[in-house]
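Atom set for the values below is all heavy atoms of this structure, side chains included, hydrogens, waters and symmetry mates excluded. Each residue takes its place number in the sequence, starting with 1. Order of appearance sets the numbers: ligands from 1, and atoms from 1 within every ligand. In this text, all values refer to a predicted model and were calculated from it rather than measured experimentally.
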Amino acid sequence: MKSVVKIPLQVTPEQATILDSQSKNANWLYNKLLEQANALRKQYRETQDKQVGLTLYSERGLRNLIPGLKGPHPFLKAVYSSVLKNAALRLSKAIRDYQDGKHGRRANVVNWPKFRAWKRKWFSLQYDEPWKGYALSGRTLTLSLGQDVSGKQLSLALTLSEALPPWVNHEHIRQCRIVKEGHLYSVVFSVERRLPMGLPLRPDKNFAYAVGTDGQASEIHNPYFLKTLEKRIDQLKAKRDQCQKKSRLITRPDGSQFWLPSHRWVMLNAHLQDLYRRRREQTKQFLYTVANRFYHDYDVVGIGDYVPHGGGITKKMRRAMNNQSLNRRFKHVLAWVALRSGKQYLEWEEGGSTRTCHDCGFVVQGGIPPEIREWDCPAEDCTSHHIRDENAARNGLTRTLKALGLPCSGRREVSSRRALRFNGLGLTIRGPGTGSETGTNRLEIKSEP
Ligand SMILES: [Zn+2]
């Protein structure tokens, strides 16, 4: 799982001057290498010299020109090596993108790179190896710069305006980039993180799947506690119906007739009605507990607007229908809890949300069959592996934010997953961020008004 964490930096005027000069030098190098690349391109057209071609078109060809430039341009030494290297790699990438476009290896055509005006766009400082050239201690980020004239290694200590989010450990950080937008300097960490797959994710068994703006994915299990109850209801109903045979046909004095149930039937029926009542109560508790949990954690809850319909005949289909009406009831409960707590409920257009890759926008033609619970995006250049419902929920989150008119550029990432399971008494939450890995959090049921 790849994502980025962007944190603004607190920068003094002196530090700003240093960062700007680093950026200017890297920008200068980019333009200098482009100048050389233009010359090489001309030369290659004329001579078809293989060595020239390699320098110009290979991934690292231009990078190898850097050491030769440091002699005549000693100010380059004041910039950290991987920042310089990155300027060369960026140019090589732009050239190869141009080549790929020209030869039809990519969908769009890309122009040959242009000289970059530093004043128009600040050249970002990229440290592209984990913890090489930068260190983080608390909120202090120390960047290695190059060397001064006497060969002394220089560094710069900057302060992050806030600490790393708790879900990011140092070993998750792969790269570090300093950017400037307007007058604001920020550090952008590339984070690569394996999701905790240890917890039993059973997306095929879930009642609902949610993704929050905080990166928290919540899988809500089907109300299993109802299963036992359902079984007892079935058994009891069969028993009661058997007793129907023992009803006696009574003729009233006026000649009208009715069936008098046996004592046993009356007893079993009373028991059955009791179980029905309990099922209603527990279902209600389940829906309210989940809704209360979500409105405790979030201000807005959006849910897909899909309305299931169907006429079931078989037991399996009837069960599925039961779930559908549960879905409908859940919507009502969410809307009510939102109203009561002064929060917001909305429904988002669900069409295409499952089949659309959240990461690249690729749409799987014909949709994804319901039995496929996880899939790899088939788009070229996209390596995303999706959990079916999580991908749909991420699309839903984007649509919800759009509906609210909130800025939501780009992707919504999932940083941790939890499973919510209602056991008839309370909600059990398993997953990271809920205490110890093995421990469980129990929540009190809030009684509905
Ligand atoms: Zn994709």
- Have a look around the Zn ion (ligand 1) and list protein N/O/S atoms under 2.8 Å, or say none.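 You should have found C357 SG, C360 SG, C377 SG, C382 SG.
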- Identify the heavy atoms of Y30 and P113 that sit nearest to each other, and give their distance.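 Where Y30 meets P113 most closely, the heavy atoms are OH-CB, 4.0 Å.
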- Can you name the closest pair of heavy atoms from R63 and A88 and give their distance?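 Where R63 meets A88 most closely, the heavy atoms are CA-CB, 3.6 Å.
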- Query: Between K121 and E181, is the closest basic N to carboxylate O distance under 4.0 Å?
  - Reply: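 A salt bridge is absent here (no side-chain N lies under 4.0 Å from a carboxylate O).
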- Query: Are E413 and R411 close enough for a salt bridge, meaning some N to O gap below 4.0 Å?
  - Reply: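 Between R411 and E413 there is a salt bridge, with a charged N closer than 4.0 Å to a carboxylate O.
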- Message: Once rounded to the nearest 0.5 Å, what's the spacing between atom CD1 of I66 and atom CZ of R60?
- Response: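 Between atom CD1 of I66 and atom CZ of R60 there are 11.0 Å.
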- Do R174 and V191 touch side chain to side chain, with heavy atoms closer than 4.5 Å?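 With C-beta onward as the side chain, the pair stays apart.
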